[in-house]
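Here's the structure we're looking at; comments come further down.
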Amino acid sequence: MDVSVIMVNYNTREMTAAAIDSVFEKTTGVDFEVILVDNASTDGSREQFANDSRIKYFYLDENIGFGQANNYGVKNGASGKYLFFLNTDTLLISNIIKVFFDYISSNENVGILGCNLLNASKEPAYSFSRLFPGIVSDINLLTNGLLNKFLFNRNTDFNYSRNPVKVAYISGADLFIEKQLFTEIDGFSANYFMYYEETDLCLQSIKQGKKAINLPYAAIIHLEGGSQKCINRDSLINKEKRSIASRATFFKRNHSSIYRLIEKGLYCTYLLLCGIKYKDYNRFRILRQEYCRQMKIHV
């Protein structure tokens, strides 16, 4: 088997069905399988996908999080030499799996691949980052992206060129990696329930001497946040707090206490300025407090 396409569903039955259909419609010239791990969905997903003979379907009795569900799919069903982690809120519009397979097969120094992502209107969407979260990226935030513009021009989170671009990390919506490398770096860390798990995975890959590369040759439609819709202010804040918690986990796993102290000061300053800019002081005060609290919790 060349490629195992692994998807994680949590109450996104219709989007997931469309994403799976797009994989089978657009993929040719490569031997692949689709593995769907269901994080205890209650929207009729189990009844629909358990009967889909095209895929390997695993229903979990509890929601174990995005990264761990992907790990489950790898350990219990993946037989491909390469793994393609694909969000359920995506649609393939070209034979991107074959593009990924051909490129990584002939570039031994590449560990992780991603492509350009387009929103529902087929406009450029967030696809990668050129900077890892940290002191440098905080300075970039505080200068309204000036550092990114100086270093990378407009190719900061979308590849407008016609050439492959080395990046810090790939969006978790489409992440292509050799199974052997994924196993060597122990897959997605169990310390993350959601958010930043792909950032950490890319960092671990780079530590192994492997590059993360964005390919501009083809694109995927990403209905960003389709599985994490915020229906009100409270749900938005809760989502942001989960992201804040994962951000803190990333630094505690990968950086010293002195580095974390400096980074926390810079990022909390950024959140303070966001409160002023958007005139939403209470929301960003809650996020600052949560970040300070999470930075004290050991993992």
Side-chain angles (χ1 to χ4, degrees), residues 65-67 111-112 114 126-158 165-172 175 185-186 188-212 214 236-299:
F66 178 76
I112 292 177
Y126 173 79
S127 305
F128 55 81
S129 176
R130 303 296 292 270
L131 300 172
F132 276 109
I135 292 173
V136 175
S137 65
D138 287 346
I139 293 172
N140 180 64
L141 290 172
L142 289 168
T143 57
N144 197 32
L146 185 62
L147 184 60
N148 253 340
K149 293 174 185 176
F150 176 76
L151 293 174
F152 310 116
N153 197 2
R154 65 174 182 165
N155 296 313
T156 59
D157 56 22
F158 187 90
V165 168
K166 184 174 73 171
V167 302
Y169 60 93
I170 300 292
S171 164
L175 197 152
I185 58 181
D186 296 324
F188 290 109
S189 170
N191 289 299
Y192 302 94
F193 182 81
M194 184 177 293
Y195 306 121
Y196 284 82
E197 61 279 299
E198 78 278 14
T199 309
D200 201 311
L201 185 77
C202 288
L203 179 59
Q204 305 314 316
S205 173
I206 290 172
K207 287 180 178 179
Q208 296 296 317
K210 300 288 188 176
K211 298 177 182 178
N214 166 273
L236 171 63
I237 292 176
N238 287 334
K239 177 181 177 180
E240 291 173 332
K241 287 172 69 175
R242 286 196 297 270
S243 180
I244 284 285
S246 292
R247 181 183 178 90
T249 297
F250 176 81
F251 289 114
K252 287 184 287 185
R253 275 176 49 82
N254 296 295
H255 292 285
S256 69
S257 58
I258 294 176
Y259 186 99
R260 296 198 305 268
L261 182 64
I262 297 171
E263 194 284 328
K264 183 177 71 173
L266 289 171
Y267 194 67
C268 284
T269 300
Y270 166 72
L271 292 175
L272 175 64
L273 294 176
C274 284
I276 296 172
K277 178 180 180 180
Y278 298 109
K279 297 181 180 180
D280 198 344
Y281 309 104
N282 188 54
R283 170 187 163 196
F284 287 98
R285 176 185 59 81
I286 291 172
L287 295 180
R288 291 199 311 274
Q289 291 176 342
E290 179 66 14
Y291 197 47
C292 291
R293 185 182 75 84
Q294 290 291 340
M295 278 295 212
K296 294 179 181 179
I297 298 175
H298 297 289
V299 295

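Both backbone and side-chain heavy atoms feed into the values below; hydrogens, waters and symmetry mates do not.
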Contact check, side chains of Leu287 and Lys241, non-hydrogen atoms, under 4.5 Å: yes
Within this structure, what is the CD1-CG distance for the pair Ile185 and Leu203, rounded to the nearest 0.5 Å? 9.5 Å
To the nearest 0.5 Å, atom CG of Leu147 lies from atom CZ of Arg130 at 12.0 Å
Tell me the closest heavy-atom pair linking Gln294 and Ala248, and the distance in Å. CB-CB, 3.6 Å
Quick check: does any side chain N or O of Ser243 sit under 3.5 Å from a backbone N or O of Lys239, one acting as donor and the other as acceptor? no
Applying the side-chain contact (heavy atoms from CB on, under 4.5 Å) test to Phe152, which of Val167, Leu131, Val165 qualifies? Leu131
Check whether any side-chain N or O of Ser205 sits under 3.5 Å from a backbone N or O of Leu201 as a donor-acceptor pair, and report yes or no. no
Exercise: identify the closest heavy-atom pair between Phe158 and Ser127: CD1-OG, 3.6 Å
Straight-line distance of Asp200 CG to Gln204 CD, nearest 0.5 Å: 4.5 Å
So, Ser189 side chain and Tyr192 main chain: donor-acceptor pair closer than 3.5 Å or not? no
For Lys166, I'd like to know if atom NZ has over 12 heavy atoms of other residues, nucleotides or ligands within 6.0 Å. no
Return the CD to CD1 distance between Glu198 and Ile170, rounded to the nearest 0.5 Å. 10.0 Å
Just do the side-chain contact (heavy atoms from CB on, under 4.5 Å) check on Ser246 and Met194 with the steps written out, would you? CA-CA 7 Å; Ser246 292; Met194 184 177 293; 5.6 Å; no
Looking at Asn144, I want to see if its CG is surrounded by more than 12 non-hydrogen atoms of other residues, nucleotides or ligands under 6.0 Å. no
Step-by-step side-chain hydrogen bond (donor to acceptor under 3.5 Å, both in side chains) determination, Gln289 to Arg293: CA-CA 6 Å; Gln289 291 176 342; Arg293 185 182 75 84; over 6 Å; no
Which one of Val136, Asn153, Asn140 satisfies the side-chain contact (heavy atoms from CB on, under 4.5 Å) criterion with Asn148? Asn140
To the nearest 0.5 angstrom, please state how far the CG atom of Leu261 sits from the CZ atom of Phe251. 12.5 Å
Does Ile237 offer a backbone N or O that forms a donor-acceptor pair with the side chain of Arg283 under 3.5 Å? no
Taking the six-membered ring for Trp, are Tyr270 and Tyr267 parallel (under 30°), tilted (30 to 60°) or perpendicular (over 60°)? tilted
Picking from Tyr196, Phe132, Phe250, Phe128, what satisfies ring-ring contact (aromatic ring centres under 6.0 Å, His included) with Tyr169? Phe132
Greater than 12 external heavy atoms within 6.0 Å of Ile276's CD1: yes
Quick test of your reading of the model: are Arg247 and Glu263 salt-bridged, counting only N-O distances below 4.0 Å? yes
Exam field: side chain Glu290 to backbone Arg288, donor-acceptor pair closer than 3.5 Å: no
Grab the two heavy atoms, one from Asp157 and one from Tyr126, that are nearest each other, plus how far apart they are. CB-CD1, 3.6 Å
Can you give me the closest heavy-atom contact between Cys268 and Cys292, atom names plus distance? SG-SG, 3.8 Å
So which atom in Leu175 and which in Cys202 form the shortest heavy-atom distance, rounded to 0.1 Å? CD1-SG, 4.4 Å
Rounded to the nearest 0.5 Å, what separation is found between the CG atom of Leu142 and the CG atom of Leu266? 6.0 Å
